[in-house]
Amino acid sequence: MDNVYLKWFTNDEQFPFYIQYGGHKEDTPLHKHDDFTELVIVLNGNATHIVNSETYFIKKGNVFVINGPTYHAYQNPHEFKICNIMFRSEIIRSAGPDLCTSNGFQALFVLEPFYRNIHSFQSGLCLSIPSMEHVASIIFDMINEYNNKHQGYQTMLISKFMELVVYLSRQYDNQENGTDSNLMHLANAISYIEDHYLEPITLEDIAARSNISVRTLNRIFQSYYQTTPISYLQRLRLERARMLLRQSGHPITKISYDCGFNDSNYFTRQFSKTYGLSPKAFRLNQ
């Protein structure tokens, strides 16, 4: 088993991004990506996809994301052609808050690659022929930009890449079949939390938005994310508070309430437990 590094494909440290058409006539060895994430779109043909110790049949239209710790390989390719887009995770993390509340985005770019590394999980997105044609046109423009490297190509590439991410997220969100129902319930829950984490929301609110019971919500959250919905909600609130402590001069009590904490003393205790410093000490150290 091999480690694969982004620097094998590009030496540009300022722009950690690479895109290519990949034609596979032979089996590829089992490998993992040491320092990058890969978006794969199957453009033609089929193959057996090995993910850790599991095998899956993949074909034209399948789309999936492989993150760093996951081993994978292709075997028995037949007229197999893919598009590989390799990028550092910070590019995806720069997505706007409206996209982070998309169920399809959470499922395809966050939950699937995370869950695939700890359990067997097959890709949930398979594009229709019209959708494939649209995706292929975006990819064609991206590869031309990358190869020609005209002035402003990096900005254009990131713009096109985010267009592709949004389009694929919408397709995932809209498809009715072939998607793990628990994954989509979880994506519903996370997108709701991401959209309302500064508001007073309860487990019952999250479960109702996800069309499941509180018990089921807790179970699938723990199974997929190894944490509870309330812990996830609190982490978002604390990260927001930490940002405001750095960037604003607002009183700590106001920040605690603005970030969804009804009790500033409770906020201080949770902040200190998470970051090892009180909010006041954290602000003074910035």
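We're numbering straight along the sequence, starting at 1.
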**Message:** Holding to ring-ring contact (aromatic ring centres under 6.0 Å, His included), I want the full list of residues that pass it with Phe140, two or more places apart in sequence or in another chain.
**Reply:** none
**Asked** Under the salt bridge (charged side-chain N to carboxylate O under 4.0 Å, His left out) test, which residues partner Arg269, sequence neighbours left out?
**Response** none
**Message:** Applying side chain to side chain donor-acceptor pair (under 3.5 Å), can you list everything that pairs with Asn144, at least two apart in sequence or on another chain?
**Reply:** none
**Message:** With salt bridge (Lys or Arg N to Asp or Glu O under 4.0 Å) as the rule and sequence neighbours excluded, what pairs involving residues 194-211 come up?
**Reply:** none
**Inter- and intrachain pairs under salt bridge (Lys or Arg N to Asp or Glu O under 4.0 Å), touching residues 248-260, at least two apart** = Lys254-Asp258
Show me the donor-acceptor pairs within less than 3.5 Å that the side chains of residues 158-167 make with the rest of the protein, sequence neighbours left out.
{"from": "Tyr167", "atom 1": "OH", "to": "Ser131", "atom 2": "OG", "distance (Å)": "3.4"}

**Asked** If you draw a 6.0 Å radius around NZ in Lys149, do more than 12 non-hydrogen atoms from other residues or ligands fall strictly inside?
**Response** yes
**Prompt:** Does atom CD1 of Ile129 have more than 12 heavy-atom neighbours from other groups under 6.0 Å away?
**Reply:** no
**Prompt:** Members other than Met156 in its cluster, when Ile, Leu, Val, Met, Phe, Trp, Tyr link by side-chain heavy atoms under 4.5 Å?
**Reply:** none
**Item:** Residues forming a ring-ring contact (aromatic ring centres under 6.0 Å, His included) with Tyr21, sequence neighbours excluded
**Value:** none
**Request:** Sequence neighbours left out, what passes ring-ring contact (aromatic ring centres under 6.0 Å, His included) with Tyr192? Give chain and number order.
**Result:** His196
**Message:** Going by the rule side chain to side chain donor-acceptor pair (under 3.5 Å), which residues pair with Thr10 if we only count those two or more places apart in sequence or in a different chain?
**Reply:** none
**Request:** Give a yes or no on whether Glu90 atom CD has more than 12 heavy-atom contacts from other residues, nucleotides or ligands under 6.0 Å away.
**Result:** yes
**Asked** Can you tell me if CZ on Arg246 sees more than 12 non-hydrogen neighbours from other groups inside 6.0 Å?
**Response** yes
**Item:** Listed once per pair and sorted, the ring pair (Phe, Tyr, Trp, His ring centres under 6.0 Å) pairs that draw on residues 239-261, sequence neighbours left out
**Value:** Phe261-Phe267
**Asked** Can you list every pair that meets salt bridge (Lys or Arg N to Asp or Glu O under 4.0 Å) and has a residue in residues 60-79, with sequence neighbours left out?
**Response** none
